[in-house]
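These notes concern the structure reproduced below.
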Amino acid sequence: MEDIREFIKSLPKAELHLHIEGSLEPELMMKLAKRNNVEIPFDSVEEIKAAYNFSNLQSFLDIYYQGAAVLIQEEDFFDLTWEYLLRAKDDGIVHTEIFFDPQTHTDRGISFETVINGISKALTKAKKELNITSHLIMCFLRHLSEDEAFKTLEMSLPYKHLIKAVGLDSSEVGHPPSKFERVFKAAIEHGFLTVAHAGEEGPTEYIWEAINLLDVKRIDHGVRCTEDEKLVSYLVEKKIPLTVCPLSNLKLCVVDHLKDHNLKEMLDMGLHVMVNSDDPAYFGGYLGENFYQCYKELSLSKEDLIKLCENSISASFL
Ligand code: ADE
Ligand code: ZN
């Protein structure tokens with residue numbers, strides 16, 4: 001068993017679906033709460049961990065946005081990102097494309113500059129010291145308005161050179177990609193690539209909308225695509241990558257058991273899928289653990305593991 005963990009670790013891989021705010025470990029949350037004098041409704045790391053019992057995406061998001069409130073100074077964003085990058089190194093990640101949610105912070109009065117400088121300084125250090133390359137993807141929170149997304153896009157323009165793509169995350173159902181068609185068009189005109197969360201909890205129509213209206217280069221999650229044969233054929237034909245997050249789907253009850261996950265089925269259908277950790281501090285494992293659990297529960301072969309890693313590199317924006 002340990003051999004397979006070493007094998008997984010040895011494969012060069014990219015992570016393409018990782019929310020930096022979702023890598024905030026309870027230990028760092030406690031430390032930053034003290035450092036910044038921020039009240040959190042927990043007295044210990046154990047209490048924080050005990051609260052991580054989710055029934056769906058929204059029940060997670062409520063806790064996740066609350067946790068992010070301890071991030072105040074540039075050095076907090078640096079520490080958060082650096083901790084993730086050290087773990088990434090340990091998992092054999094050679095390239096990572098990191099989501100950040102500016103609105104989670106600017107809505108609390110933290111400047112865009114503070115957020116992006118802290119994250120970017122850690123990414124620059126990782127290139128030098130860990131030999132990990134990276135891109136940043138700025139997500140719009142889909143539960144907020146189009147107008148607020150436009151304001152965020154405007155705010156990002158002085159930092160455009162640091163951001164590769166825009167994405168769409170937060171509460172999916174009731175907030176279809178079509179709500180953000182115009183702001184994505186504007187982002188594309190500014191030179192950003194586009195991705196979007198779709199088909200995590202939301203219906204297959206949202207995946208079609210992300211493709212047809214937002215011109216996405218990848219679909220984030222997309223696991224519900226197997227409900228629509230035409231969509232699967234289209235995704236295969238156009239080689240549109242799907243950034244699948246197995247432990248996230250388990251923790252957020254998209255599947256009841258990892259054995260029921262359709263990752264292997266998607267791989268066998270010829271879909272361009274790879275494995276990602278989404279919000280590893282909340283979902284019980286970083287990338288290596290996602291690979292290992294899938295290997296065990298879905299009876300993946302070594303060839304499957306290699307294919308998943310190859311897909312991660314070819315689906316990246318390198
Ligand atoms: N924000 C952080 N993680 C997310 C997820 N899995 N889906 C939607 N929004 C998110
Ligand atoms: Zn996500």
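Each ligand, and each atom within it, is numbered from 1 in the order the structure gives. What's counted below: heavy atoms across the whole structure, side chains too, no hydrogens, waters or symmetry copies.
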- Query: Should the pair Lys302 and Phe7 be classed as cation-pi, given the thresholds of under 6.0 Å to the six-membered ring centre and 45° from the axis?
  - Reply: yes

- Message: Around atom CG of Asp268, are there more than 12 heavy atoms from other residues, nucleotides or ligands closer than 6.0 Å?
- Response: yes

- Query: If we only count N/O pairs under 3.5 Å, is Asp279 in contact with ligand 1?
  - Reply: yes

- Between Glu21 and ligand 1, find which residue part has any heavy-atom pair under 4.0 Å and reply side chain, backbone, both or neither. neither

- Do any N/O/S atoms of Asp220 come under 2.8 Å of the Zn ion (ligand 2)? no

- Message: Only heavy atoms of Phe60, strictly under 4.0 Å: list the atoms of ligand 1 that pass.
- Response: 2 (C), 3 (N)

- For the Zn ion (ligand 2), decide whether His17 has an N, O or S atom at a distance under 2.8 Å. yes

- Message: If the cut-off is 2.8 Å, does any N/O/S atom of Cys245 fall short of it from the Zn ion (ligand 2)?
- Response: no

- Task: Please calculate the OD1(Asp278)-the Zn ion (ligand 2)-NE2(His197) angle and round it to 10 degrees.
- Result: 170°

- Task: Mark yes or no: Arg218 above the aromatic ring of Phe317, with NZ or CZ under 6.0 Å from the six-membered ring centre and no more than 45 degrees from the axis.
- Result: yes

- Does a sphere of radius 6.0 Å around NZ in Lys264 hold more than 12 heavy atoms from other residues, nucleotides or ligands, not counting ones at 6.0 Å or beyond? yes

- Note on the structure: For His221, the ligand 1 atoms with a heavy-atom partner under 4.0 Å come out as 6 (N)

- Flag the pair Phe180 / Phe184 as yes when their ring centroid distance falls below 6.0 Å, and as no otherwise. no

- Task: Answer side chain, backbone, both or neither: which part of Leu57 comes under 4.0 Å from ligand 1, heavy atoms only.
- Result: side chain

- Item | Neighbour count above 12 (heavy atom, 6.0 Å) for Glu154 CD | no

- Task: Among all protein heavy atoms, pick out the one at the shortest distance from atom 7 (N) of ligand 1; state its residue, atom name and that distance to 0.1 Å.
- Result: Glu200 OE1, 2.8 Å

- Task: Starting from atom 1 (N) of ligand 1, find the nearest protein heavy-atom neighbour and note its residue, name and distance.
- Result: His19 CE1, 3.5 Å

- Task: Tell me which protein heavy atom sits closest to atom 9 (N) of ligand 1, plus the residue, atom name and distance to 0.1 Å.
- Result: Ser170 N, 2.8 Å

- Closer than 4.0 angstrom: is that true for some heavy atom of Leu61 and an atom of ligand 1? yes

- Message: Within the supplied structure, the quantity of interest is the number of heavy atoms (other residues, nucleotides, ligands) at a distance under 6.0 Å from Lys125 NZ; does it exceed 12?
- Response: yes

- Query: Centroid-to-centroid, His197 to His19, below 6.0 Å?
  - Reply: yes

- Task: Taking atom CZ of Arg182 as the centre, report whether more than 12 heavy atoms of other residues, nucleotides or ligands fall under 6.0 Å from it.
- Result: no

- Message: With a 6.0 Å cut-off on the ring centroids, do Phe283 and Phe60 count as close?
- Response: yes

- Hey, is Phe99 touching ligand 1 through its side chain, its backbone, both or neither, going by heavy atoms under 4.0 Å? neither

- Task: Considering only non-hydrogen protein atoms, determine which one is nearest to atom 6 (N) of ligand 1 and report residue, atom name and distance to 0.1 Å.
- Result: Asp278 OD2, 2.7 Å

- Determine whether the side chain, the backbone, both or neither of Glu172 has a heavy atom under 4.0 Å from any heavy atom of ligand 1. neither

